[in-house]
Amino acid sequence: MAVRKTAAKKAAKTADKKTTKLNLKKYTDFIVDKTVELLNIDSPTGYTEEAAAWVKKEFEALGFKARITNKGGVVVDLTGKDKKNGLLLEAHTDTLGGMVATIKGNGRLQLTNLGGMNANNAETENVRVVTKFDGIYEGTFQLNNASLHVNGDYNDTKRSWDTCEVVLDEDVKSEEDTKKLGISVGDIVCFEPNVRVTKNGYIKSRFLDDKLSVGILLGFAKYIKDNKIVPKRALYAHITVFEEVGHGGCGSVPEGCTEAISVDMGCVGEGLTCTEKQVSICAKDSGGPYSYPVVQGLVAAAKKTGADYAIDIYPHYGSDVEATLEAGNDLRHGLIGAGVYASHGYERSHRDGAENTLKVIIGYAL
Ligand SMILES: [Zn+2]
């Protein structure tokens, strides 16, 4: 109780201080550009090498040391003085996707999901099948027997991984034909990200979760670099892989970290208050409440930097930082992110949401 009282007093004091005016347009432009670049690199969970190499290169281009972990994630040293009170920022670059489960008798592919990908909202999406040794083949994820003029059950069929298939854009009619191309069970299937940025700042893609946050952390790194900031506390970023299957943030916590914050998509939907233009501060999700002083500090940071924010509870959500705790790390934890609508579907956010998230990170970390 005593700790909470002290933290509350401190937070209130900080919040009372004048709002810091931040002009972040340049960084928001940068975030959107980098997010679009990363979105266009296929990286379903389990196939993230190229995306991780890109992330490493981008942080290095900003002058920071980055390394690829054994698991395939990227840990970045954003430097800072107090190495005993480090803050770790986590975002993930793996996305949803598919994997070849069966090569059917007609040469088409039955898939299994990677992460929480849903067959019903992936129907009619273009895909790339990545073979182990024989290159990449294109196709479309369709309902079995997808011609509406032929299939009398078209409207009544429940879309699932069993009732949908990949129709390859190749001349294949049998299992043998498809195997001859070099396609086999276990091959990765990447769904088209369908990236679109509208004139008024909406960002749409299948996989904003969580590449938008990777873009935001790059924007944060650029902000530190451009303004020659030496952070008081040690700062690190871990761009994880395997988040979509639950163990992204389990390892690679740099020594001396006392706090970890997941920067991941903020939920938008009925019963919640956040919009795509805001930063969402999560108070509780399926893993329980977030660390009280961290949530309080994030709200204080939003107030201080004038960030448009919402505090919400996510009913069906687990975060990377919870994986970090479950792995046995002794840390205070938090979760923020730009509001994302239609999560794990065709996702939408807005550049203002990214900017507001950046504001909170700056206000909290620096
Ligand atoms: Zn995510």
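The first residue in the sequence is number 1, and the count goes up from there. Heavy-atom basis, side chains included; hydrogens, waters and symmetry copies ignored. Atoms within a ligand are numbered from 1 in the order they appear, just like the ligands themselves.
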message: I'd like to know if Lys232 pairs up with Asp82 as an ion pair, taking the criterion as any Lys NZ or Arg NE/NH1/NH2 lying under 4.0 Å from an Asp or Glu carboxylate oxygen.
response: no

task: Please name the residue in the list Leu325, Ile261, Leu88, Leu87 that meets the side chain to side chain contact (heavy atoms under 4.5 Å, CB included) test with Leu331.
output: Leu325

- request: Everything protein-side that's N, O or S and under 2.8 Å from the Zn ion (ligand 1): list it, residue and atom.
  value: His92 NE2, Asp209 OD1, Asp264 OD1, Asp264 OD2

Contact list for residues 120-158, test ring pair (Phe, Tyr, Trp, His ring centres under 6.0 Å), sequence neighbours left out: Phe141-Trp161, Phe141-Phe191

Extract all donor-acceptor atom pairs below 3.5 Å that involve side chains of residues 43-53 and protein atoms in other chains or at least two apart in sequence.
residue	atom	partner	partner atom	Å
Ser43	OG	Thr93	O	2.8
Ser43	OG	Lys211	NZ	2.8
Thr45	OG1	Asp94	OD2	2.9

- request: Could you point out which residue of Asp187, Thr178, Val172, Leu181 forms a side chain to side chain contact (heavy atoms under 4.5 Å, CB included) with Ile103?
  value: Thr178

message: If the condition is side-chain hydrogen bond (donor to acceptor under 3.5 Å, both in side chains), which residues does Asn194 pass it with, not counting sequence neighbours?
response: Glu125

